[in-house]
Amino acid sequence: MSRFVRYRLPSQLRCRPHVSRGALKTVSYALMHLGVAMAVAFALTRNWHAALAIGMIEPMVQTFAYSMHERAWAKAPGAR
């Protein structure tokens, strides 16, 4: 028997068939990136208004770029 106990997610948190894993990954990345962007912007500006503005715009652009990057790698030779 394994030393590690495996837990199952409640059914409400499991990936549903109509939502792709890639979409969930992109959303979780966007939320994480939003927090990081606002924290860095605040550390540089010491202004919450500027940090919120930068924090809202930059992750949207970065998330789009990330999606395009993932697609390009998926189409690259040698991809699964």
Side-chain angles (χ1 to χ4, degrees):
M1 185 160 193
S2 174
R3 292 181 5 195
F4 301 103
V5 178
R6 293 185 182 179
Y7 294 99
R8 292 184 57 124
L9 288 173
S11 61
Q12 299 89 348
L13 298 177
R14 288 190 204 132
C15 295
R16 295 197 168 73
H18 64 277
V19 177
S20 73
R21 183 170 169 82
L24 291 174
K25 181 180 172 184
T26 302
V27 169
S28 69
Y29 176 80
L31 292 173
M32 184 268 313
H33 197 90
L34 176 67
V36 171
M38 287 191 308
V40 170
F42 180 75
L44 294 174
T45 64
R46 296 291 182 204
N47 180 333
W48 279 111
H49 293 284
L52 289 172
I54 293 167
M56 294 302 291
I57 295 167
E58 195 273 338
M60 285 188 248
V61 173
Q62 187 66 19
T63 300
F64 176 75
Y66 173 78
S67 297
M68 295 299 106
H69 182 261
E70 287 287 311
R71 288 182 186 195
W73 272 96
K75 292 180 182 179
R80 298 193 256 169

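These numbers were taken from a predicted model, which means no experiment stands behind them.
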Practice task
Only counting residues at least two apart or in another chain, list the ones meeting side chain to side chain donor-acceptor pair (under 3.5 Å) with H69.
Solution key: W73
Fill in the blank from the handout: Shortest non-hydrogen pair, A37 vs G55, comes out as CB-CA, 4.1 Å
List, by chain and number, the other hydrophobic cluster members for [X], where Ile, Leu, Val, Met, Phe, Trp and Tyr join if side-chain heavy atoms come within less than 4.5 Å, directly or indirectly.
{"X": "F64", "result": "M68"}
{"X": "V61", "result": "none"}
{"X": "L31", "result": "V27"}
{"X": "V40", "result": "Y29, M32, V36, L44, Y66"}

Strictly by salt bridge (charged side-chain N to carboxylate O under 4.0 Å, His left out), give each pair with a member in [range] just once, sequence neighbours left out.
{"range": "residues 52-64", "result": "none"}
{"range": "residues 28-45", "result": "none"}
{"range": "residues 27-51", "result": "none"}

Exercise for the section: Taking side-chain contact (heavy atoms from CB on, under 4.5 Å) as the test, write out the residues that go with M60, two or more places apart. Expected result: M56
Exercise for the section: Tell me, please, which residues at least two apart from A50 pass side-chain contact (heavy atoms from CB on, under 4.5 Å). Expected result: T45, N47
